[in-house]
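Read through the structure below, which is laid out as structure tokens, and then see the notes.
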Amino acid sequence: MADRIDFNKSLKDLNENDLKARITEDKLRLKKLAFAHAISPLENPLSIRGLRRDIARLKTELKNRTLQA
């Protein structure tokens, strides 16, 4: 839980362009992880879930900022 709080605090320092760039980077990383998992099982398959949730947190923060503007 502390990791999630730290992650959310670090989002406050990013501007909208940085958030968009981070989302695209994480989406690409998610595709690579999913592909690697399809070929051979990952050592920690829960990392896929964590990355998906991080992308959702980034999108939520971006949406909140656009609604505030």
Side-chain angles (χ1 to χ4, degrees):
M1 183 161 153
D3 293 335
R4 184 177 69 212
I5 294 170
D6 293 338
F7 183 80
N8 288 337
K9 285 182 181 178
S10 70
L11 294 182
K12 303 297 181 194
D13 299 334
L14 301 175
N15 63 18
E16 287 185 22
N17 291 332
D18 292 339
L19 281 174
K20 289 177 185 178
R22 178 95 184 261
I23 290 170
T24 56
E25 289 172 10
D26 284 351
K27 280 185 177 181
L28 181 63
R29 213 170 60 180
L30 178 64
K31 284 182 183 180
K32 288 181 181 180
L33 268 178
F35 184 71
H37 185 62
I39 293 174
S40 64
L42 292 176
E43 189 173 312
N44 184 9
L46 292 179
S47 62
I48 295 173
R49 182 192 309 173
L51 188 56
R52 253 193 353 249
R53 289 181 179 179
D54 287 346
I55 292 170
R57 287 184 190 106
L58 288 165
K59 286 183 175 182
T60 302
E61 180 65 26
L62 185 62
K63 182 73 171 184
N64 287 341
R65 288 184 187 189
T66 56
L67 290 176
Q68 287 177 357

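- When all heavy atoms of Asn44 and Ser47 are compared, the pair lying nearest together is O-OG, 2.8 Å.
- Connectivity analysis of hydrophobic side chains (ILVMFWY, heavy atoms under 4.5 Å, direct or indirect) links Leu33 to Leu30, Leu42, Ile48, Leu51, Ile55.
- Look at Arg57 and Asp54 and you find a salt bridge, because one of the NZ, NE, NH1 or NH2 atoms lies within 4.0 Å of a carboxylate O, short of that distance.
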Would you check, one step at a time, whether the test side-chain contact (heavy atoms from CB on, under 4.5 Å) holds for Glu61 with Leu14?
CA-CA 10 Å; Glu61 180 65 26; Leu14 301 175; over 6 Å; no
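- The side-chain contact (heavy atoms from CB on, under 4.5 Å) check on Lys63 picks up Thr66, Leu67, with sequence neighbours excluded.
- In this structure, Phe35 shares a hydrophobic cluster with Ile39, the cluster being traced through Ile, Leu, Val, Met, Phe, Trp and Tyr side chains under 4.5 angstrom apart.
- Remark: Thr24 OG1 to Leu58 CG distance equals 10.0 Å, nearest 0.5 Å.
- For the atom pair CG of Leu28 and CD of Glu25, the computed distance is 8.5 Å after rounding to the nearest 0.5 Å.
- If you take CG on Asp18 and CD1 on Ile23, they are separated by 11.0 Å, rounding to the nearest 0.5 Å.
- By the 4.5 Å heavy-atom criterion applied to side chains, Arg52 and Arg49 are counted as neighbours.
- More than 12 heavy atoms of other residues, nucleotides or ligands shown are found within 6.0 angstrom of CZ on Arg65.
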